[in-house]
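In each ligand, atom 1 is the first atom listed, and ligand 1 is the first ligand listed. Counting begins at 1 with the first residue of the sequence. Note that this is a predicted model, so its numbers are computed, not measured.
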Amino acid sequence: MTSAETAQNRKEKQEVRVRFAPSPTGALHIGGGHTALFNWLWARHTGGRFILRIEDTDRARSTAAYEETIMSGMNWLGLDWDEGPDRGGDYGPYRQSERLDLYREHAGRLVAEGRAYRDGEAILFKVLPGQDLSFDDVVYGRIETTSDGLREKDSDALKDIVLIKSDGMPTYNYAVVIDDHLMAISHVIRGEDHISNTPKQILLYRALGWEVPQFAHLPMILGRDKKKLSKRHGATSVYEFRDMGYMPDSVFNFLALLGWSAGEDREIFTRGEAASLFELSRVTRKAAVFDPDKLNFINQEHLKRLDPMVRLAMVRPFWLEAGLPVENHDDAWLAGALTLMEGRGRTAREMAEFSDYFVSFEPVKARYSADAVPDDLRPGLRDFFGVLLSLPDWTPENLEEAARRWVADHGVKMKDYAMTLRFALTGMKVSPGIFEVAVHLGRDEVRRRLEHYALI
Ligand code: GLU
């Protein structure tokens, strides 16, 4: 069997085969990650196959390093593929630069059949007028168009389609048709900026005598100012989000909601839940707005749901980056500190910043000097802290009860005393319940910190 026949056989079985086809000319950006993710969702929802194809015909701009970054970006997002340049498959090769013979072969056939012609080293496809190239897009609905739309700029003449350029490389519109057919792609899911390329591709499918796949174009992603998302809007590469401390689960969840909804106002879900709920026909064509507040909200929700040890694994690199002696503590204790932090910090990076005082006293000293504590308050504070430190049973409840009793007996405000304790232990204005923090730090460490500030 020829590879074309194999492809046709597979297609008859109606297996869903989708592909993500990045050009390795840059990192994996939000737009690319979004496209890859929707392909992955559809493949996983249907039990089909997700294919990674590298479109590296722009030899000057494509690099192996970018190919690597795109793959590791996809891995980080949890988008695993079933066939691709790194893992092979029955429809390879999966890099366009390794498929040049195929492009030449089919272009040669079109020349032999009189549908295409040579112009020097190049091969062009002859566009004839009056051909209906309309199609039903799964997302955008019916798109009516004819070959009369394929004109030279500012002219009435139809513009022939370049298949092979004079340097021997195929054009995007041609190679994509050859590959999508030979790889038995059932659904072409890609950004809406490719809607305008689709009629040309349909023309080529017909000329080659091949069935046209289903097209599903994804809505454009806009910044909050309703302009197309770009560098101006801040982070755009998937890795920038990782480095800011967003969890892959959250970025996945957030991207999935750009143009799709899980229904019933359901905003937080896992990859598996999204895959089972996903429907291509429910993707909206309305441009989706990239809202950083929403990403923060989603990330915070995922952080809350994490197993404490997994949360620790997320936060640890940011403590280390800040030079904190993480190794001085055992993992269960650190994970316990982060459990106290629950709901604080929108990203793992923020969570690490807001909890640094658990790991070390140094950042507290750098933030807080106790200079502002009025001298007339100090004797009272010493007495207050002395009572707390001498409590036999050191639990948050006991500390709180003793503190309340002490301030009531002395006719003073809890706030002044508890706040000084908070500053001395954390160097921060906000923290989890300060008696819980004190108990987690332990009586000795609390005494050490209070002594440093001469508050005991
Ligand atoms: N290499 C093309 C791109 O990155 C692929 C477009 C397609 O999916 O057809 O835009």
Using side-chain hydrogen bond (donor to acceptor under 3.5 Å, both in side chains) as the criterion, point out the one residue from Tyr94, Tyr91, Tyr103 that pairs with Asp179.
Tyr103

So which protein residues pack against ligand 1 under 4.0 Å, heavy atoms counted?
Arg19, Ala21, Ser23, Glu55, Tyr172, Val176, Arg190, His194

Sort and list the pairs that fulfil ring pair (Phe, Tyr, Trp, His ring centres under 6.0 Å) and have at least one residue in residues 125-144, not counting sequence neighbours.
Phe135-Phe215

State which residue, out of Ser97, Ser23, Ser62, fulfils the side-chain hydrogen bond (donor to acceptor under 3.5 Å, both in side chains) condition with Asp56.
Ser97

A side-chain contact here means heavy atoms from C-beta on lying under 4.5 Å apart; do Phe358 and Leu340 qualify?
yes

Look at atom CZ of Arg346 and say whether more than 12 heavy atoms of other residues, nucleotides or ligands are closer to it than 6.0 Å.
no

Would the His452 and Phe361 ring centres measure less than 6.0 Å apart?
yes

